[in-house]
Amino acid sequence: MQRDGIDHENAQMSDIQCDFCHKPWTMERAMVEGHRGACVCSDCLTVAYAELVLHKVGSPASPEEICIMCREERDDPHWRSHMFDEALACRRCIKQAAGVLHKDRDVAWAKPAASTEK
Ligand SMILES: [Zn+2]
Ligand SMILES: [Zn+2]
């Protein structure tokens, strides 16, 4: 998402915030953009990917809710932000975002591995 009161003529990295933790985009915290400016940062992606893909603890979205990354109704399990209740992402988007970051050579991010499971 874009920070409130963003100066569109002079937008900075820090004007972009993760929709799931509301932290700004930095060199250390990569962002993947979804639909309509929704963003997920590498920190949240790690948690979401581990929960949805490794631990399979996602839950279906309730009928009045949709994934904020793709804005589509899906039967996929969804991940909800631990900090902001309204921030919901479907497994497809989390997998897609993880794929993008994983391949980005400028970003030192790797998919959480199953071997780190407790
Ligand atoms: Zn985040
Ligand atoms: Zn989605």
Side-chain angles (χ1 to χ4, degrees):
M1 61 168 70
Q2 292 177 343
R3 188 174 62 79
D4 282 346
I6 184 173
D7 177 359
H8 286 279
E9 300 295 310
N10 186 27
Q12 310 287 326
M13 257 178 116
S14 58
D15 288 329
I16 305 296
Q17 295 176 337
C18 171
D19 280 69
F20 299 87
C21 65
H22 293 198
K23 287 184 188 150
W25 185 22
T26 66
M27 294 308 282
E28 291 75 39
R29 191 183 298 112
M31 288 282 171
V32 179
E33 206 178 338
H35 221 53
R36 297 196 208 161
C39 290
V40 59
C41 75
S42 48
D43 296 346
C44 290
L45 202 53
T46 301
V47 179
Y49 190 92
E51 291 188 11
L52 276 182
V53 182
L54 299 180
H55 303 286
K56 301 188 169 57
V57 293
S59 45
S62 56
E64 66 275 11
E65 286 186 302
I66 47 169
C67 163
I68 62 169
M69 296 292 285
C70 62
R71 305 262 172 198
E72 286 173 30
E73 271 180 55
R74 308 199 147 263
D75 291 333
D76 277 5
H78 285 64
W79 180 75
R80 186 183 299 281
S81 161
H82 297 292
M83 286 170 248
F84 299 95
D85 250 12
E86 70 280 10
L88 201 68
C90 70
R91 188 174 60 184
R92 190 188 68 139
C93 286
I94 292 301
K95 280 183 142 177
Q96 220 166 46
V100 170
L101 267 200
H102 198 84
K103 276 189 228 139
D104 192 332
R105 283 195 227 157
D106 295 332
V107 178
W109 187 87
K111 291 174 186 173
S115 58
T116 60
E117 269 185 83
K118 291 203 184 87

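This one's a predicted model, so the numbers in the text were calculated from it and none came from an experiment. Every number for a ligand or one of its atoms is a count from 1 in the order of the listing.
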**Request:** Could you tell me which residues satisfy ring-ring contact (aromatic ring centres under 6.0 Å, His included) with H35, sequence neighbours excluded, listed by chain and number?
**Result:** none

Has the side chain of [X] got a donor or acceptor atom that lies under 3.5 Å from a matching backbone atom of [Y]?
X   : Y   : answer
R29 : P24 : yes
R80 : D85 : yes
D19 : M1  : yes
E33 : M31 : no

**Metal environment of the Zn ion (ligand 2), protein N/O/S under 2.8 Å** = C67 SG, C70 SG, C90 SG, C93 SG

**Item:** Protein-derived N, O or S atoms lying under 2.8 Å from the Zn ion (ligand 1), waters excluded
**Value:** 4

**Fill in**
From the list R3, H8, Q2, side chain to side chain donor-acceptor pair (under 3.5 Å) with D15 holds only for R3

Show me the side-chain donor-acceptor pairs of residues 106-113 shorter than 3.5 Å, one per line, residues at least two apart or across chains.
residue	atom	partner	partner atom	Å
W109	NE1	S42	O	3.2
W109	NE1	T46	OG1	2.9

**Message:** Between R92 and E72, is there a side-chain heavy-atom distance shorter than 4.5 Å?
**Reply:** yes

**Asked** For N10, does the CG atom have more than 12 heavy-atom neighbours from other residues, nucleotides or ligands under 6.0 Å away?
**Response** yes

